[in-house]
Structures are given as C-alpha cells and as structure tokens.
Amino acid sequence: MIEVFKTNVQKKAQSKMLLCILSETFPSAEINFDLSDRDKVLRVEGDNIEVAPIKMLLQDHGFSCEVLD
C-alpha cells in the first residue's frame, strides 16, 4: 500500500528531520519526500499505512499534510 501526501515542507533539513521521526514511528514503512514536486510530496509505502497518525505527526511539527488522490 502506498499513501501520497501533499505537504508544505520546503527545505531538505526539514524533510530529513521528519524522515527520522517518521522512520522511528513507522519502522517497517518506506518513506521519502520529493521536494522538487510542486506538491512537496511525501510518500509512505508499507503494510497497513494509517493516514491519520502521519498527518498528525506532521501537523504537530508545524507542517500541513493532506492525502493526494
């Protein structure tokens, strides 16, 4: 399962920090950012991906996050 999110993450340092936190929280998921995409895409791949905790984690760190269809 793959979930794709639109974010407002702008800087590589921000994405690295979030990747560390997301990887600790979801250790079995494969996670990456594409900051070159206009939607600053976050991709999360794995079994049983739950959208709500991912959105909350980003929002708790001051970033917006919404699922892309």
Once side chain to side chain donor-acceptor pair (under 3.5 Å) is applied, do any residues pair with Asp34, and if so which ones, sequence neighbours excluded?
Ser36
For residues 59-69, dump all side-chain donor-acceptor pairs below 3.5 Å to protein atoms at least two apart in sequence or in another chain.
| residue | atom | partner | partner atom | Å |
| --- | --- | --- | --- | --- |
| His61 | ND1 | Leu57 | O | 2.9 |
| Ser64 | OG | Asn8 | OD1 | 3.4 |

Common cluster, Leu22/Ile2, ILVMFWY with side-chain heavy-atom separation under 4.5 Å
no
Assigning hydrophobic clusters by single linkage (Ile, Leu, Val, Met, Phe, Trp, Tyr; side-chain heavy-atom cutoff under 4.5 Å), is Phe5 placed with Phe26?
yes
Nearest-0.5 Å distance, OG of residue Ser23 to CD1 of residue Ile31
4.5 Å
Smallest separation among heavy atoms of Gln14 and Lys11, with atom names:
OE1-N, 2.9 Å
Looking only at heavy atoms, what is the nearest atom pair of Ile49 and Gly46, with distance?
CG1-O, 3.5 Å
Do Val51 and Val9 belong to the same hydrophobic cluster, where Ile, Leu, Val, Met, Phe, Trp and Tyr are linked whenever their side-chain heavy atoms lie under 4.5 Å apart, directly or via other members?
yes
Between Ile54 and Ile21, is there a shared hydrophobic cluster once you connect ILVMFWY residues whose side-chain heavy atoms come closer than 4.5 Å?
yes
Does one hydrophobic cluster hold both Met17 and Val41, with members joined at side-chain heavy-atom distances below 4.5 Å?
no
Interatomic distance, CD@Glu3 vs NZ@Lys55, rounded to 0.5 Å, equals 10.5 Å
Of all residues at least two apart in sequence or in a different chain, which pass the side chain to side chain contact (heavy atoms under 4.5 Å, CB included) check with Lys40?
Thr7, Gln10, Leu35
